[in-house]
Amino acid sequence: MENLKRERKLVTIISKLLVFVMVVGLVMIQRPEKISAGVYGKTAMQITQDMGAGWNLGNSLEASGGETNWGNPRTNKAMIDAIKNKGFRTIRIPVRWDENYTNKSNYTINPNYLRRVKEVVDYAYNNDMYVIINVHHNAIQQKVTTDWWQKQQIKNELKAIWTQVGKYFESYDQKLIFETFNEPRQGDDWNGNSGLYNAVNECNEEARAAIRATGGNNRNRLVMMPTYCASSDASKMNSWKKLSNDNMVAASIHAYVPFDFAFDGYHTQWNDNDKNELWGILSRIKSTFIDKGIPVVIGEFGASNFGNDSSRLTYARTYAQMAKGMQMPVVWWDNNAFNYGKENFGIFDRNSMKFRGPDIARELVNVYAKSNPSQSSNGGNQPTQPSQPTQPAQQHKEITLFNSVSSSKPWGQALEIVTKKNGGWLDPYIMTPNGYFYVEYSGYRPSCIEFILQSWSGGAKWVKVKRSKTVTINGHYFAKFKYSDVVAAYGSNNFSTLDKVYVGASNQDITVYNVKYCQ
């Protein structure tokens, strides 16, 4: 009997031990793999300012018919390592979900596809990069509507997707970013109307709320929400709203601008008009969102290949300089296409695993680099970045006209500011007596700067304004051009005929960082 009791007791102990081992095993199987120590507790603006220059894995996971159906190879770790090693800090991974539902009636995502998305995400995430995933090319992308029933179907699908995706990635830190959906619109209507703009806001809110409801790190994850078709048009941006008090959101904007140069190639050589148009568009984005405390991610931009390598390089550098100065990260659209003409945005060849064509990647990365770009691998040809030195003490109101980086060789123009009457941003009526223009720049000596007024329709055609004062702070010059000297040079205090203001170089190289009018 004692032996039987001991045997039964031993069986009980062994059974409990087996149960314990099974439970531990299940827990270990279900536990998400260890995620490297990462980013937590950042504000939305802090995240976007840290994202820097980014790259799109275009025409892969969002391709209709499967990852390789649009001619691109299956994404592997070596590709993403090359992007990381080039210096990009952000990668956007467009994802199509609706061709991978196991149950289309309730939008259940195939777990094998979720694992594949995770595999690609981890290539970048484990490289300490910011990663953006979204809903891209799902049929609902082009079904935005004011019809209540159809709109509800879009909301239901977005809620289902983000509930599943949110739960799947809830342990990832703030380096993973969710974008509600890509370029939402009604069919091929890229203009829309106020009703459609509001419908996009409602759909954004449905996705945002679903993400937050999954808990975990999704409670404080950055969520990007687009305008109608992600456009930078004033009417669309002005209609963008967040329908909650959630501060961990950013506006999602796509800006292939100037469109005639960057996308259509109606003209292929970068010029001053392009630069002015770009400045105006980015300034409008800034005033609509950034100045109101709402961060922005320019999730797609680029210039297609029209055999204009030099102009594309200038475009990339100028775009990045302006966007960085306005606190916006930029993500180049790369579809791995290298032919001539529209829709050829490739800069990294995923087959040869090499960067091709003009080194656009270098331009973007160097502008956003934390170190001084003049010390980077480009041989010192990049201008230094805008600094934040202690400025000369002023009690005046300051109106910023330029805040970025622009350089010029001797006798060239570093910066052109167009007045409002010609579609620019300078309102001549800001110039009041006792005021002055203030320019921050660097160069060989203070006298390397020229401040020029131009008029095509009256007044002086082309005049230089006398520099009244220059101070040096933290290695930069700060020049003052008084109102009285501006009037003396122009020959009149009626500036309604003024067309442009130039900041140029005399006989030495110059880099301009800031132009203001102080009243």
Side-chain angles (χ1 to χ4, degrees), residues 258 260-261 267 269-284 311 314-315 318 321-322 325 383 398-433 435-441 443 446-470 477-519:
D260 287 353
F261 168 85
H267 69 275
Q269 300 306 307
W270 182 256
N271 58 47
D272 286 343
N273 289 334
D274 291 324
K275 187 175 180 180
N276 289 334
E277 182 179 345
L278 177 60
W279 175 265
I281 292 169
L282 295 181
S283 296
R284 186 168 66 226
S311 282
T314 302
Y315 164 84
T318 304
Q321 288 170 344
M322 289 182 181
E398 296 180 343
I399 300 170
T400 299
L401 301 173
F402 177 79
N403 182 28
S404 186
V405 178
S406 189
S407 299
S408 174
K409 295 295 183 182
W411 311 117
Q413 296 161 5
L415 177 64
E416 175 187 88
I417 303 174
V418 180
T419 58
K420 281 192 171 182
K421 83 183 187 74
N422 292 301
W425 59 95
L426 172 59
D427 184 351
Y429 292 100
I430 67 170
M431 290 186 274
T432 56
Y436 57 91
F437 284 97
Y438 145 88
V439 182
E440 176 190 358
Y441 62 105
S447 61
C448 63
I449 191 174
E450 290 187 341
F451 194 79
I452 298 167
L453 308 178
Q454 185 181 36
S455 172
W456 304 313
S457 52
K461 299 297 183 184
W462 183 280
V463 294
K464 296 179 183 179
V465 180
K466 181 178 68 174
R467 175 169 44 92
S468 63
K469 184 178 181 181
T470 306
Y477 301 122
F478 295 82
K480 181 177 181 180
F481 299 88
K482 295 190 301 183
Y483 175 86
S484 58
D485 292 327
V486 172
V487 171
Y490 197 65
S492 170
N493 62 359
N494 178 8
F495 297 108
S496 62
T497 57
L498 182 64
D499 291 295
K500 290 184 179 180
V501 172
Y502 294 97
V503 179
S506 58
N507 59 348
Q508 301 289 338
D509 289 359
I510 186 174
T511 298
V512 179
Y513 306 101
N514 209 314
V515 180
K516 295 181 179 181
Y517 192 81
C518 301
Q519 296 176 330

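As the structure is a prediction and not an experimental result, all values here were calculated from the model.
No donor-acceptor contact under 3.5 angstrom links the side chains of E450 and S506, judged on distance only. A donor atom on one side chain and an acceptor atom on the other are found under 3.5 Å apart for N494 and S496.
In this structure, L401 and I430 have side chains that are in contact, with non-hydrogen atoms separated by less than 4.5 Å. Considering only heavy atoms from C-beta on, T318 comes within 4.5 Å of W270 through its side chain. At a threshold of 4.5 Å between non-hydrogen side-chain atoms, the residues Y517 and V486 do not count as touching. When side chains are defined from C-beta on, Y477 does not count as touching S447, because their heavy atoms never get closer than 4.5 Å. Two residues are said to be in side-chain contact when any heavy atoms from C-beta on lie closer than 4.5 Å; W411 and N507 meet this criterion.
Aromatic ring pairs are classed by plane angle as parallel below 30°, tilted from 30° to 60° and perpendicular above 60°; the pair Y315 and F261 is tilted. Relative ring orientation between F495 and Y483 is described as perpendicular, the plane-to-plane angle rising above 60° on a 0-90° scale split at 30° and 60°.
For the pair D509 and C448, the tightest heavy-atom approach, listed with the atom from each and the gap, is O-SG, 4.2 Å. When every heavy atom of S408 is checked against every heavy atom of A505, the shortest pair comes out as OG-CB, 4.0 Å.
Every residue two or more places apart in sequence or in another chain that forms a ring pair (Phe, Tyr, Trp, His ring centres under 6.0 Å) with F451 is listed here: F437, F481. Considering only residues two or more places apart in sequence or on other chains, D272 meets the salt bridge (Lys or Arg N to Asp or Glu O under 4.0 Å) condition with none of them.
Between the CG atom of L498 and the OG atom of S455 there is a distance of 6.5 Å, given to the nearest 0.5 Å. Interatomic distance, I449 CD1 to T511 OG1, rounded to the nearest 0.5 Å: 11.0 Å. For the atom pair OG1 of T497 and OH of Y490, the computed distance is 2.5 Å after rounding to the nearest 0.5 Å. Rounding to the nearest 0.5 angstrom, the gap separating the CD1 atom in I510 from the OG atom in S406 is 9.5 Å. Summarising the geometry, atom CG belonging to L453 is positioned 11.0 Å from atom OH belonging to Y502; distances are rounded to the nearest 0.5 Å. Here CG of D485 is found 13.5 Å from OH of Y436. Values are rounded to the nearest 0.5 Å.
The side chain to side chain donor-acceptor pair (under 3.5 Å) with K500 is formed by just one residue from the set E416, Q454, Q413; it is E416. Of the listed residues (N273, D260, D274), just one forms a side chain to side chain donor-acceptor pair (under 3.5 Å) with H267, and that residue is D274.
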Item to check | Steps toward side-chain contact (heavy atoms from CB on, under 4.5 Å) verdict (W279, L415) | outcome: CA-CA 11 Å; W279 175 265; L415 177 64; over 6 Å; no
